[in-house]
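Numbers here simply count residues along the sequence, with the first being 1. For ligands, and for the atoms within them, numbers begin at 1 and follow the listed sequence.
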Amino acid sequence: NVSTYSFYLNGEWKESKSGQTIDIVSPYRHDVIGKVQAITKEEVDEAVHAAQKAQKGWAEISLQERAKYLYNWADELVRMQSEIAEIIMKEVGKSLKDARNEVVRTADFIRYTVEEALHMNGESMKGDSFPGGSKSKVAIVERVPLGVVLAIPPFNYPVNLAAAKLAPALISGNAVIFKPATQGAISGIKMIEALHQAGIPQGLVNVVTGRGSVIGDYLVEHKGINMISFTGGTNTGTQLAKKAGMIPLVLELGGKDPGIVCEDADLQEAAKHIISGAFSYSGQRCTAIKRVLVHEKVANELVNILKEEVHKLSVGSPEDGCTIVPLIDSKAADFIQILIADALGKGAEVVTGNKREGNLIYPTLLDDVNDTMRVAWEEPFGPVLPIIRVSSDQEAVDIANESEFGLQASVFTKDINKAFSIANKIEVGSVQINGRTERGPDHFPFIGVKGSGMGAQGIRKSIESMTREKVTVLNLQ
Ligand code: G3H
């Protein structure tokens, strides 16, 4: 009695003409928890046409009217919180508490997005500000929608990172083609059931599920798509950027966020943030702390505290509310093992961890990591934290910047001037002073540089990225 989920096309739930489905296997139960449709290219075309058609009318109705649908969606998500959280837990192995929080965060995100959009105004400009310009020329600069937005979120926030693309797209008058991560598709479909219940006009949002090999490139290269918002791995994002046409892209990709611990840091506090930053949801967050760069004078003490803190982490099933849960698939766990083995072969020390049961990797601390080891540079997306000892703040900055990634960094010090000096030198989107790396609160700009992405998210930035400026010039008599 495994449920088969339909895809959402032009306001209707449908089975694909392909007659094929994809099994969604729970990462910790290892059973098939549902099947999603493997749709065809023709069905992608239908979805894009439906979106193009619906978008015109949607952009014409008032902002207040669009707001009503989104507020209803947020209310509906809260009403369905338990049902959706249960699916998130089973599908991506996130603890029930975190899954419930994800749903609430999503409803809050949608509401704030509406409120932000309601308070965004255009501007007017006078012609005579420029030499030779006329006083009788006045420009009205407004933001208009781009058309059809392709939203591709990752598995780790199958509801929140999907809505973080859909809500700004919709409130600003766009239609959406939503391609959920395959592992995460059922959660995404549930989220769209809430939007359907909220009465969203037909065709405005279409959910396309299917094999990346069949519809992935086809979607990205589709002429009917006017903007792509993608969150996922750096390799996929780089390929996507090569294939997409001349359309705006926002890419939120991988990271290798350093936690820089200066010799004057409050080590207990720093350790608390580092552990939470590195190991929440088994480190399956783009913003996880993925390396510690600690001053050698305090390294032993920090390592001891980190070890104690790691031992307090609960390990096991998301159904028991554990922090360290089985990884999304065995390939992910294999990769962590490869990184650990490489580091150990080159002289790193296991402080704790390095134990595996199926997809479950115990939280692992590696000390004496150096720049010859893959784990110093590559993103594990799992619960392994390398510790690199440095002899100065400058060395920490240099190692931080040598990375191909540039998402966030944490700096732990009691000296605010030092904190700023280090923050100014680090090539990342955001620097957290005395706190863990994280995306939220969701109205802050969220930016990845270098291999971590392009463009900006965060509620206002996302709205801006899904609209363009349009100028109407009045030539007065
Ligand atoms: O995985 C990427 C997410 O944007 C991280 O979000 O910092 O709230 O966990 P988070």
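- Applying the salt bridge (charged side-chain N to carboxylate O under 4.0 Å, His left out) rule to Glu379 yields the partners Lys290; only residues at least two apart in sequence or on another chain are considered.
- Remark: Arg356 pairs with Asp334 by the salt bridge (charged side-chain N to carboxylate O under 4.0 Å, His left out) rule, at least two apart or across chains.
- Ring orientation note: the planes of His196 and Tyr8 are nearly perpendicular, at an angle over 60° on the 30°/60° scale.
- For the pair Asp108 and Arg111, the salt-bridge criterion is met [side-chain N within less than 4.0 Å of a carboxylate O].
- Contact check on Asp23 versus Lys35 returns a salt bridge, with a Lys/Arg side-chain nitrogen under 4.0 Å from an Asp/Glu carboxylate oxygen.
- In this structure, ligand 1 sits under 4.0 Å from heavy atoms belonging to Arg105, Asn156, Tyr157, Leu161, Glu252, Arg285, Cys286, Thr287, Glu438, Arg439, Phe446.
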Which side-chain N or O atoms in residues 414-421 pair as donor and acceptor under 3.5 Å with protein atoms at least two apart or in another chain?
unit_1: Asp415; atom_1: OD1; unit_2: Asn417; atom_2: N; d: 2.9
unit_1: Asp415; atom_1: OD1; unit_2: Lys418; atom_2: N; d: 3.1

